[in-house]
A.B. asks: 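This structure is in structure tokens; I'll ask about it shortly.
Computed over heavy atoms, backbone and side chain alike; hydrogens, waters and symmetry mates excluded.
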Amino acid sequence: MAVNFEYYKVFYYVAKYQSLSLAAQMLHLTQPTVSHYIQALESELGVKLFVRSKKGVTLTPEATVMLHNVAQAVEHISKAEDNLENFKSMDTGSIHITASEVGFLTGIVPVIKAFHRDYPGISFKISTDYTPTAIERLKAGLADFIVVTDPVDKLDHSIALYRLFPIQDIVVCGPEFAYLTKRARTLEELADFLCIHNEIPSVNPQYAKKLEPYFINNSLSVTGSLAIEYYTFQKALLLQNLGLGVLPDVMVKKELAEGSLLRVPLASPIPLRYVNLLFRSDLNLPAASRIFVTYLKEHFGSLQGS
């Protein structure tokens with residue numbers, strides 16, 4: 001059955017406002033034209049869609065069954081049209097991103113400058129959160145895409161994942177603990193030192209669960225550590241020589257290069273993980289977000305998706 005899409009669009013607006021006159025006003029049509037489209041759709045479908053009264057119109061049971069799918073179709077097509085207009089000009093628009101701390105500082109920040117230079121009219125709305133919450137925000141439509149670290153467990157088919165680059169968690173310390181850096185250490189040797197990191201159950205339960213076998217195999221308990229929510233806060237404590245820290249290598253490049261923090265070599269390295277780009281594969285990204293994702297992939301040379 002090939003039905004004119006404009007009929008469905010008029011049906012959607014009449015159902016939304018429960019008024020022929022309001023629908024006509026919103027669509028910039030005359031009320032007789034709206035009535036004609038509704039009658040034509042009812043004729044094509046062979047069902048009555050609205051019951052008219054002095055107060056407006058109400059949906060029939062048949063119309064109620066149809067409305068949800070029609071609403072999705074109309075809204076998606078309207079969004080596609082808006083995206084096309086934005087794409088043609090790219091003078092205005094906004095990008096909604098949720099990122100983990102590492103994803104933001106090492107994934108988003110390096111790309112924003114180049115993107116803003118090319119598209120100065122596009123604004124950014126960025127929130128930071130841990131990976132599990134960021135994924136929920138993506139599913140709920142609160143973010144166009146997210147940039148987060150592993151683990152990204154139990155993704156459904158509606159979410160596409162691209163690995164942007166690997167990160168290695170390392171043990172670092174201040175200069176007062178320089179003697180620990182002279183040779184590779186086991187975690188058992190380091191167990192008596194205060195360990196400052198955020199990958200423990202109270203802060204990031206998914207990653208703690210992933211690392212648990214590693215810590216158990218190396219005779220170190222995670223639960224005795226000091227949990228600090230942000231890596232930047234952790235670095236502040238480590239720079240005061242308050243203990244050892246477990247941080248991603250990309251977060252301490254500057255400090256390692258200048259010698260304010262030192263890397264403690266491990267006999268058994270902590271398992272590698274990745275910074276990932278995730279977006280909804282079942283929805284069309286807004287034009288600005290789609291182009292920003294292209295910038296991300298080009299900047300990092302994205303690895304194979306999984």
Side-chain angles (χ1 to χ4, degrees), residues 97-113 126-131 133-134 147-151 164-208 210-212 214-215 218-276 300:
I97 307 171
T98 297
S100 64
E101 184 185 9
V102 177
F104 173 70
L105 292 175
T106 64
I108 301 297
V109 170
V111 179
I112 281 182
K113 184 176 181 179
I126 302 173
S127 61
T128 58
D129 222 320
Y130 287 100
T131 298
T133 310
V147 178
V148 294
T149 54
D150 285 337
L164 293 176
F165 57 91
I167 57 174
Q168 176 66 63
D169 292 294
I170 60 174
V171 175
V172 297
C173 64
E176 289 185 15
F177 297 94
Y179 63 92
L180 294 174
T181 68
K182 304 304 181 183
R183 62 175 176 83
R185 304 282 180 171
T186 65
L187 290 186
E188 189 173 9
E189 290 180 85
L190 305 177
D192 292 335
F193 296 90
L194 178 63
C195 185
I196 305 169
H197 65 128
N198 76 349
E199 311 300 4
I200 67 175
S202 63
V203 182
N204 197 340
Q206 281 192 328
Y207 191 51
K210 182 178 180 180
L211 277 189
E212 188 175 6
Y214 170 79
F215 282 104
N218 287 277
S219 303
L220 183 67
S221 170
V222 187
T223 56
S225 304
L226 173 62
I228 304 295
E229 186 171 2
Y230 297 107
Y231 288 117
T232 48
F233 293 177
Q234 293 171 243
K235 285 197 293 185
L237 295 178
L238 293 168
L239 289 168
Q240 297 300 315
N241 293 285
L242 289 178
L244 307 183
V246 181
L247 293 89
D249 52 1
V250 293
M251 296 294 293
V252 288
K253 281 184 176 181
K254 177 183 176 183
E255 289 78 10
L256 292 176
E258 65 189 18
S260 55
L261 289 178
L262 306 172
R263 179 172 182 171
V264 179
L266 295 176
S268 177
I270 298 173
L272 198 69
R273 55 181 174 142
Y274 290 85
V275 172
N276 307 291
F300 294 107

A.B. asks: Tell me the closest heavy-atom pair linking Ala134 and Val148, and the distance in Å.
C.D. replies: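 Heavy atoms only, the tightest pair is CB-CG1, 3.7 Å.
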A.B. asks: Examine distances only and state if a side-chain atom of Gln168 and a backbone atom of Ile270 form a donor-acceptor pair shorter than 3.5 Å.
C.D. replies: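 Flag set: sc Gln168 to bb Ile270 pair under 3.5 Å.
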A.B. asks: Between Ser260 and Pro175, which heavy-atom pair has the shortest distance, and what is it?
C.D. replies: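 Smallest interatomic distance, heavy atoms only, reads O-CD, 3.4 Å.
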A.B. asks: Carefully, step by step, assess Arg263 and Val171 under the rule side-chain contact (heavy atoms from CB on, under 4.5 Å).
C.D. replies: CA-CA 6 Å; Arg263 179 172 182 171; Val171 175; over 6 Å; no
A.B. asks: Using a strict cut-off of less than 4.0 Å between a Lys/Arg side-chain nitrogen and an Asp/Glu carboxylate oxygen, indicate whether Glu189 and Arg183 qualify as a salt bridge.
C.D. replies: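 Here Glu189 pairs with Arg183 in a salt bridge, since their nearest N and O are under 4.0 Å apart.
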A.B. asks: Hey, does Ile126 have a side-chain heavy atom less than 4.5 Å from the side chain of Ile112?
C.D. replies: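 Of all side-chain heavy-atom pairs linking Ile126 with Ile112, at least one is under 4.5 Å.
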A.B. asks: Between atom CE of Met251 and atom CG of Asp169, what is the distance when rounded to the nearest 0.5 Å?
C.D. replies: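 Taking CE in Met251 and CG in Asp169, the distance rounds to 11.0 Å.
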A.B. asks: Not counting sequence neighbours, which residues clear side chain to side chain contact (heavy atoms under 4.5 Å, CB included) with Thr181? List them please.
C.D. replies: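 Testing Thr181 for side chain to side chain contact (heavy atoms under 4.5 Å, CB included), a comparison that skips the adjacent residues, returns Cys173, Leu262, Val264, Pro265.
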A.B. asks: Which heavy atom in Asn276 sits nearest to a heavy atom in Thr149, and how many Å separate them?
C.D. replies: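 Answer, listing the atom of Asn276 first, then Thr149: ND2-C, 3.9 Å.
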A.B. asks: Identify the two heavy atoms, one from Val246 and one from Gln234, that lie closest to each other, and give their separation to 0.1 Å.
C.D. replies: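 Smallest interatomic distance, heavy atoms only, reads O-NE2, 3.7 Å.
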A.B. asks: Main chain of Asp129, side chain of Thr133: is a donor-acceptor contact present, judged purely on distance under 3.5 Å?
C.D. replies: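 Between the backbone of Asp129 and the side chain of Thr133 there is no qualifying donor-acceptor contact (under 3.5 Å).
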A.B. asks: Can you give me the closest heavy-atom contact between Leu244 and Leu238, atom names plus distance?
C.D. replies: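 Smallest interatomic distance, heavy atoms only, reads C-CD2, 3.5 Å.
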A.B. asks: If a pair satisfies ring pair (Phe, Tyr, Trp, His ring centres under 6.0 Å) and one of its residues is in residues 170-189, list it, with sequence neighbours excluded.
C.D. replies: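 Only Phe177-Phe193 qualify under ring pair (Phe, Tyr, Trp, His ring centres under 6.0 Å).
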A.B. asks: For a quick test of reading the model, state the closest non-hydrogen atom pair linking Glu101 to Thr232 and the distance between them.
C.D. replies: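 That closest heavy-atom pairing would be OE2-N, 3.2 Å.
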